[in-house]
Amino acid sequence: SHFGLGAWQPPTLLPGICNTSVMALPIPIYIGYDPRERAATNVLIDSLYQHSSLPLAITPLVTPQLEGQGLFRRQRDPKQSTAFSFTRFLVPQLMGYQGWAIFMDCDMLCRGDIAELWAQRDEQMAVMCVKHEHVPGETVKFMGEVQSAYPKKNWSSLMMLNCSRCTALTVDYVNTATGLDLHRFHWLSGDHEIGAIEGGLWNHLVDVQAAPDASVGQGGPHLLHWTLGGPWFRDQRTMGGVLAAEWFSARDDAMKLWD
């Protein structure tokens with residue numbers, strides 16, 4: 001009934017194989033994908049599994065695939081700066097409205113163990129995110145895209161979704177609701193259903209928040225987010241200064257051939 005996309009199911013335990021211990025199920029992670037940010041997506045995926053202590057099930061949200069399944073049919077909105085502005089809200093449906101999943105934008109780099117974020121899940125909440133107070137001073141961001149200002153800006157760029165409590169995000173709703181209703185979480189009964197991802201380590205906004213002066217091991221951010229555009233764009237090769245250099249180093253590591 002889910003347009004051919006089966007709900008995520010836990011792996012079956014086989015007789016005599018690891019049944020004496022609790023198997024860690026993969027963490028479902030959905031990444032917003034834009035064709036212009038293919039390099040960013042691939043480097044993010046590599047950075048996630050290189051640092052994770054738990055297995056991951058990573059799915060890029062590729063718009064033509066979702067359109068082909070009948071799940072996404074919106075026309076491009078003039079205020080829509082990326083291909084995944086709205087597709088992120090299909091994650092609960094893709095999960096069959098069961099269990100938890102992480103969504104993140106592709107313009108990120110993971111420097112820490114995503115299992116530590118996963119451990120913050122709170123069953124009392126429908127969604128968990130970093131509650132930024134980002135009021136952009138600019139009107140244009142990467143590639144000339146419009147920079148929109150609205151309450152809860154960047155909250156939806158990293159979400160842990162308690163899918164059974166996100167049933168308002170039907171295919172019809174995601175395809176017809178306004179962008180503000182979606183990104184401001186008007187599909188919940190209230191802000192009391194939005195939990196805070198704590199610690200200040202996740203979803204650090206590069207060149208928006210103060211540049212980190214500590215490494216990951218010394219309390220620096222675990223997840224960097226180039227919300228204004230990243231070094232994979234020709235005109236933004238140095239975006240973030242030393243953090244841009246770190247992104248290029250991560251790209252080199254991800255694509256390095258075995259010597």
Side-chain angles (χ1 to χ4, degrees), residues 8 24-66 81-84 87-88 91 94 101-119 130 141-143 145 154 157-160 197 201-209 211-259:
W8 176 84
L25 301 180
I27 300 171
I29 300 177
Y30 291 82
I31 297 175
Y33 173 76
D34 188 295
R36 298 170 299 177
E37 299 187 290
R38 182 176 175 181
T41 304
N42 287 324
V43 175
L44 171 59
I45 290 171
D46 184 81
S47 71
L48 282 164
Y49 73 77
Q50 288 298 323
H51 292 102
S52 181
S53 60
L54 292 177
L56 308 177
I58 300 175
T59 305
L61 295 173
V62 181
T63 301
Q65 294 174 358
L66 298 169
S81 63
T82 67
F84 51 86
T87 57
R88 72 190 71 202
V91 168
L94 294 171
I102 296 174
F103 169 84
M104 61 179 65
D105 288 2
C106 66
D107 52 356
M108 294 183 170
L109 181 70
C110 191
R111 321 156 93 203
D113 186 351
I114 198 72
E116 295 176 11
L117 172 63
W118 188 240
V130 178
K141 51 182 183 178
F142 61 88
M143 303 287 284
E145 296 288 359
N154 265 309
S157 61
L158 174 68
M159 299 183 285
M160 287 202 291
I197 293 172
L201 301 177
W202 304 95
N203 205 359
H204 172 85
L205 304 180
V206 176
D207 281 2
V208 174
Q209 295 177 276
D213 54 9
S215 66
V216 173
Q218 297 173 321
H222 285 23
L223 189 69
L224 304 174
H225 181 192
W226 277 267
T227 183
L228 302 180
W232 45 89
F233 291 129
R234 184 179 303 278
D235 295 339
Q236 296 179 295
R237 291 285 192 254
T238 60
M239 196 74 166
V242 295
L243 298 180
E246 183 176 335
W247 185 86
F248 278 109
S249 177
R251 184 191 69 160
D252 290 345
D253 288 344
M255 303 301 159
K256 186 165 53 182
L257 301 180
W258 188 255
D259 191 356

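Every value quoted in this text rests on a predicted model; they were computed, and no experiment measured them.
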A.B. asks: Could you pull out all residues at least two apart from Asp113 that satisfy side chain to side chain donor-acceptor pair (under 3.5 Å)?
C.D. replies: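 So Asp113 forms a side chain to side chain donor-acceptor pair (under 3.5 Å) with Ser53.
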
A.B. asks: Just verifying a value: how many Å separate Ile102 CD1 and Leu158 CG, rounded to the nearest 0.5 Å?
C.D. replies: 7.0 Å

A.B. asks: For Ile58 and Ile27: C-alpha separation, side-chain torsions, deciding distance, then whether side chain to side chain contact (heavy atoms under 4.5 Å, CB included) applies.
C.D. replies: CA-CA 8 Å; Ile58 300 175; Ile27 300 171; over 6 Å; no

A.B. asks: What distance do Ile31 atom CD1 and Ile45 atom CD1 have between them, rounded to the nearest 0.5 Å?
C.D. replies: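 Spacing of CD1 (Ile31) from CD1 (Ile45) equals 4.5 Å.
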
A.B. asks: Applying side chain to side chain contact (heavy atoms under 4.5 Å, CB included), name anything that partners Ala101, two or more places apart in sequence or on another chain.
C.D. replies: Pro28, Tyr30, Val91, Met95, Cys163

A.B. asks: Side chain to side chain donor-acceptor pair (under 3.5 Å) with Asp207: which residues, sequence neighbours excluded?
C.D. replies: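 Asp207 satisfies side chain to side chain donor-acceptor pair (under 3.5 Å) with no residue once adjacent residues are dropped.
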
A.B. asks: Taking only residues two or more places apart in sequence, or in another chain, which ones meet Trp202 in a side chain to side chain donor-acceptor pair (under 3.5 Å)?
C.D. replies: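 Trp202: no side chain to side chain donor-acceptor pair (under 3.5 Å) contacts found.
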
A.B. asks: Taking Gln209 for its side chain and Leu205 for its backbone only, find out whether a donor-acceptor pair lies under 3.5 Å.
C.D. replies: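 Checking the backbone N and O of Leu205 against the side chain of Gln209, a donor-acceptor pair under 3.5 Å is found.
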
A.B. asks: Identify, with sequence neighbours excluded, every residue that meets side chain to side chain contact (heavy atoms under 4.5 Å, CB included) alongside Leu201.
C.D. replies: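 Here the qualifying residues are His222.
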
A.B. asks: For residues 229-249, pull every pair meeting salt bridge (charged side-chain N to carboxylate O under 4.0 Å, His left out), keeping only residues two or more places apart or in separate chains.
C.D. replies: Arg111-Glu246

A.B. asks: Go through the steps to decide whether Trp226 and Asp105 satisfy the test side chain to side chain contact (heavy atoms under 4.5 Å, CB included), and finish with yes or no.
C.D. replies: CA-CA 9 Å; Trp226 277 267; Asp105 288 2; over 6 Å; no

A.B. asks: Are any of the side-chain heavy atoms of Leu223 and Leu117 separated by less than 4.5 Å?
C.D. replies: no

A.B. asks: About how many Å separate CE of Met104 and CD1 of Ile29, when rounded to the nearest 0.5 Å?
C.D. replies: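 Ile29 atom CD1 to Met104 atom CE measures 5.0 Å (nearest 0.5 Å).
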
A.B. asks: Hey, mind stepping through Asn42 and Arg251 against side chain to side chain contact (heavy atoms under 4.5 Å, CB included) and telling me if it holds?
C.D. replies: CA-CA 8 Å; Asn42 287 324; Arg251 184 191 69 160; over 6 Å; no

A.B. asks: Might you confirm whether atom CG of Asp252 has over 12 heavy atoms from other residues, nucleotides or ligands at distances under 6.0 Å?
C.D. replies: yes

A.B. asks: Which residues pass the salt bridge (Lys or Arg N to Asp or Glu O under 4.0 Å) test with Asp253, not counting sequence neighbours?
C.D. replies: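 In terms of salt bridge (Lys or Arg N to Asp or Glu O under 4.0 Å), with neighbours along the sequence ignored, Asp253 is linked to Lys256.
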
A.B. asks: Side chains of Thr59 and Leu94, heavy atoms from C-beta outward: is any pair under 4.5 Å?
C.D. replies: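 No, side chains not in contact.
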
A.B. asks: Is there side-chain contact between Val43 and Leu109, with at least one heavy-atom pair below 4.5 Å?
C.D. replies: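 In contact.
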
A.B. asks: Can you find a pair of side-chain heavy atoms, one from Glu37 and one from Phe84, that are under 4.5 Å apart?
C.D. replies: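 Counting from C-beta outward, Glu37 and Phe84 do come under 4.5 Å.
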
A.B. asks: Rounded to the nearest 0.5 Å, what's the gap from CG on Leu56 to CD1 on Ile114? Could you check?
C.D. replies: 8.0 Å

A.B. asks: Which residues satisfy the side chain to side chain contact (heavy atoms under 4.5 Å, CB included) test with Ala83, sequence neighbours excluded?
C.D. replies: Asp34, Pro35, Thr63, Arg76

A.B. asks: Should Trp118 and Met160 count as side-chain neighbours, where that means a heavy-atom distance under 4.5 Å?
C.D. replies: yes

A.B. asks: Pro212: what forms a side chain to side chain contact (heavy atoms under 4.5 Å, CB included) with it, not counting sequence neighbours?
C.D. replies: His204, Pro221, Leu243

A.B. asks: Determine the minimum heavy-atom distance between Leu54 and Ala115, stating which atoms define it.
C.D. replies: CD1-CB, 3.7 Å

A.B. asks: Yes or no on side chain to side chain contact (heavy atoms under 4.5 Å, CB included) for Met108 and Ser157, after CA distance, side-chain angles and deciding distance?
C.D. replies: CA-CA 10 Å; Met108 294 183 170; Ser157 61; 4.2 Å; yes

A.B. asks: Could you check whether any side-chain heavy atom of Phe233 comes within less than 4.5 Å of a side-chain heavy atom of Arg36, counting everything from C-beta outward?
C.D. replies: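 Result yes, sub-4.5 Å side-chain heavy-atom pair found.
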
A.B. asks: Taking atom NE2 of His225 and atom SG of Cys110, what is their separation to the nearest 0.5 Å?
C.D. replies: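 If I round to the nearest 0.5 Å, the distance is 13.5 Å.
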
A.B. asks: Taking Ser52 for the side chain and Tyr49 for the main chain, is one N or O donor matched with an acceptor at less than 3.5 Å?
C.D. replies: no

A.B. asks: For the residue pair Leu224 and Trp247, establish whether any side-chain heavy-atom pair is separated by less than 4.5 Å.
C.D. replies: no

